[in-house]
Amino acid sequence: MLDPRLIRQDPDHVAKQLTRRGLAVDVDALHQRARQVQKLADDRANLQAEGKKVSRQVGQRLRLLKEESDKRPVVHSDFSEPPTDQWPQVNMEAREESAEFVQLQKEAVALEAKGKEFKQQVTALEEKEKALQDQLRQELLHLPNLPSPQCPDGRSEADNVERRRWGDPKPAAPSLEHWQLGKTLGLFESERSVRVAQSRFITLLGQGARLERALIQFMLDLHVSRGYTEVLPPALVNTASLTGSGQLPKFAEESFRCADDDLWLSPTAEVPLTALHRDDILAAADLPRRYVAYSPCFRREAGSYGRDTRGLIRLHQFNKVELYWFCHPDASEAAHEQLTADAEAVLQALELPYRVVELCTADLGFSACRTYDLEVWLAGAGAYREISSCSTCGDFQARRSSIRMKEGKRNRLLHTLNGSGLAVGRTMAALLEWYQQPDGSVAIPQALQPYMGCAVITPPSSAPK
RNA sequence: GGAGAGGUGGCCGAGUGGUCGAAGGCGCAGCACUGGAAAUGCUGUAUAGGGGCAACUCUAUCGAGGGUUCGAAUCCCUCCCUCUCCGCCA
């Protein structure tokens, strides 16, 4: 979420930055509304201060009345009703005993009436304020993050900028695609998975299932050895968590929702990891906090009909190992480079060629202010394909989720960063295509062999029984 | 799922209608004492928003949301969560 104060104080900057993203937003209306909300809040607070004084005066009068009545002896019984049923502690029988008593009584009644007036005025203002405040908040929740100054300008993904390459991309010798290899090697079941669930779901079998598990464990071990704390988060998350990381309210149609509960299938571990520290105030000495989480991810992939229908590239459910940083605002730029390097380390260890592409303003995700995509070389398809997206979100998610750090006496929103390290299914696809051999088998890169328990995957027919 | 108990500041824990944002303790920070430390004493120690150069000040917040009242941590309603017992279950 953008800072309401920024919108109040520098609407031109906000408008300019949103324009870089290719968005036409009526920032002026937002600006007006934000100022109006503030004005209402100020007026209301002043009125409340007055009302509070009156209430205290009522209390004071009642206390005096009680003291006065306690002093007086009861001279006669008078069963007339007290002015309000709030006064039972006052001995009404004594009220005719003194002029001060009568005077105090009058004052108390008058003050009560005055307080009632304040209350009505405050209530009226509060209603207006709340309505406007809610409206403003909803509008802000729909606005994406502002791009970083370093983020290259662009009008479409064609304007993304390649930053560097690693390895030597070359077509595979037999240039089968991973889904063909998967079929001949018996690694997964596409057609039968439709029976089980739907299209875009996959069932891994035998060596395929083993390879997926090996990759997950390999990635986790690698990142833990580089200083990350391993997390296994819930796969279901609530609405507040999805709102906190930016998936809601705008992208509801992208997630699977549970009908009977306030729960959704998490589209990425970024969601539960952000939510892990929602409303927390972390000690500066604890930063950066770096987490690595394996989680299954669920996405509806709405609007992608017909694209990537075969194999492991685009599924409703896939596995991902996610990297996540909570860090000091001044350190987030360096953190972004480090996080990206950590994701790259997986591809380097597996010796898979890739390139790093920086997304332009038009292609930036909702919560991000700057993003590097890692694109792995798919040797069978002969193309680079996104396998990781490493983003810095500035304080955007921290503000939505209220995650702060202590800086001296003050609290300050911290910065969050996330990146895949890596998408496991796509890693398997790249690996199968890159390491396929003329005899139909697939070699296992050295780093993975201890996890896989073998050096090569062979077709079932030629495998020893 | 059924029955009961309970949610107060970093933690423990008082507080059942009137200067209560909240006693006391612990913890933490600063100062004093000390050769240094322990112990001790003093002072300070929530969050958000607004105003002020600042000292400071105003408003809101005692699980959340409503209600009663001039005034609610305290009374009423709804919801959420935690704990104990029973049932079920991996």
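The structure displayed is predicted, hence computed values, not measured ones. Letters go in sequence order (proteins before strands), and every chain restarts at 1.
When rounded to the nearest whole Å, the span between CD of A:Glu50 and P of B:A60 equals 13 Å. One interatomic measurement links the two molecules: CG of A:Asp134 to C1' of B:G65, which rounds to 13 Å at whole-angstrom precision. Between A:Ile281 atom CD1 and B:U47 atom P there is a gap of 6 Å when expressed in whole angstrom units. Atom CZ in A:Arg278 sits about 14 Å away from atom C1' in B:C81, given to the nearest Å. In this entry the distance linking CG of A:Asn411 with P of B:U45 reads 15 Å, nearest Å. One can place CG of A:Asp280 at 12 Å from C1' of B:G10, the figure rounded to the nearest angstrom. The distance from atom CZ of A:Arg56 to atom P of B:G21 is 6 Å, rounded to the nearest whole Å. In this structure, the CD atom of A:Gln48 is 16 Å from the C1' atom of B:G51, given to the nearest Å.
Mapped onto RNA chain B by nearest heavy atom, A:Ala45 and A:Ala113 fall at different nucleotides, with A:Ala45 at the one closer to the 5' end.
When Watson-Crick and G-U wobble pairs are counted only if both distances are under 3.5 Å, B:A46 pairs with B:U61. Within the shown strands, nothing qualifies as a pairing partner of B:A23 under the Watson-Crick or G-U definition with both distances less than 3.5 Å. Shown here, B:G71 forms no base pair; nothing in the strands shown gives a Watson-Crick or G-U wobble contact with both key distances under 3.5 Å. Partner assigned to B:A54 is none, using Watson-Crick or G-U wobble distances below 3.5 angstrom. Under the Watson-Crick or G-U wobble criterion, with both distances below 3.5 Å, B:A39 is left unpaired in every strand shown. Taking a pair to require two hydrogen-bonding distances under 3.5 Å in either a Watson-Crick or a G-U wobble arrangement, B:U34 remains unpaired. Across every strand in view, B:A14 sits unpaired, with no contact that passes the Watson-Crick or G-U test at under 3.5 angstrom. Nucleotide B:U82 forms a pair with B:A5, judged by Watson-Crick or G-U wobble geometry with both contacts under 3.5 Å.
Checking side-chain atoms of A:Ser266 against main-chain N and O of A:Thr268 turns up a donor-acceptor pair under 3.5 Å.
Dashed line: the shortest gap from a side-chain N or O of A:Asn46 to OP1 or OP2 of B:U59 is not under 4.0 Å. An OP1 or OP2 oxygen of B:U19 is reached within less than 4.0 angstrom by no side-chain nitrogen or oxygen of A:Arg63. Phosphate proximity of B:U47 to A:Lys406: present, with a side-chain N or O under 4.0 Å from OP1 or OP2. Phosphate proximity of B:A60 to A:Arg44: absent, as no side-chain N or O sits under 4.0 Å from OP1 or OP2. When the side-chain nitrogen and oxygen atoms of A:Lys119 are compared with OP1 and OP2 of B:G71, one or more of them lie within a distance under 4.0 Å. The side chain of A:Arg5 places an N or O atom within less than 4.0 Å of a non-bridging phosphate oxygen (OP1 or OP2) of B:G50.
Using modelled atom types and a 3.5 Å distance limit, the side chains of A:Tyr324 and A:His277 yield no donor-acceptor pair. Side-chain contact, A:Thr392 with A:His336: no donor N or O sits under 3.5 Å from an acceptor N or O. A donor-acceptor contact under 3.5 angstrom links the side chains of A:Gln397 and A:Glu270, judged on distance only. Checked by atom type, the side-chain pair A:Asn145/A:Ser367 shows no donor-acceptor distance below 3.5 Å.
Here the separation of B:U45 from B:A55, taken at their P atoms, is 13 Å to the nearest Å. Going from the P atom of B:G25 to that of B:C80 covers 39 Å, rounded to whole Å. The gap from the C1' atom of B:G13 to that of B:C26 amounts to 10 Å, rounded to the nearest Å. Comparing the C1' positions of B:U43 and B:C20 gives a spacing of 22 Å, expressed to the nearest Å. Comparing the P positions of B:U16 and B:G6 gives a spacing of 15 Å, expressed to the nearest Å. A distance of about 12 Å separates the C1' atoms of B:A64 and B:G7, rounded to the whole Å. A gap of 25 Å separates the C1' atoms of B:U19 and B:G67, to the nearest Å. Of the P atoms belonging to B:G15 and B:G63, the separation is 15 Å, rounded to the nearest Å.
As judged by a 4.0 angstrom heavy-atom cut-off over every strand, A:Gly59 is placed among the base-contacting residues. Using a 4.0 Å heavy-atom criterion, one finds that A:Gln38 contacts the sugar-phosphate atoms exclusively. Within 4.0 Å of A:Ala41, counting heavy atoms only, lies no atom of the nucleic acid at all. A:Lys130 comes within 4.0 angstrom of the backbone, heavy atoms only, and of no base. Here A:Arg410 lies out of heavy-atom contact (under 4.0 Å) with every strand.
Cation-pi geometry between A:Arg289 and A:Phe326 is not satisfied (NZ or CZ under 6.0 Å from the ring centre, within 45° of the ring normal).
In this model, no side-chain donor or acceptor of A:Lys52 finds a partner on the base of B:U59 within 3.5 Å.
Here the side chain of A:Arg404 is nearest to one of B:A48, B:C70, B:U59, namely B:A48. Considering only side-chain atoms of A:Leu62, the nucleotide from B:U59, B:G18, B:U47 that sits closest is B:G18. Which of B:A60, B:G18, B:U19 sits closest to the side chain of A:Val58 comes down to B:G18.
Checked against the 6.0 Å centroid threshold, A:Phe256 and A:His316 count as a close aromatic pair.
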What's the verdict on ring pair (Phe, Tyr, Trp, His ring centres under 6.0 Å) for A:Phe218 and A:Tyr451, showing C-alpha distance, side-chain angles and the deciding distance?
CA-CA 7 Å; A:Phe218 165 71; A:Tyr451 294 91; 5.7 Å; yes
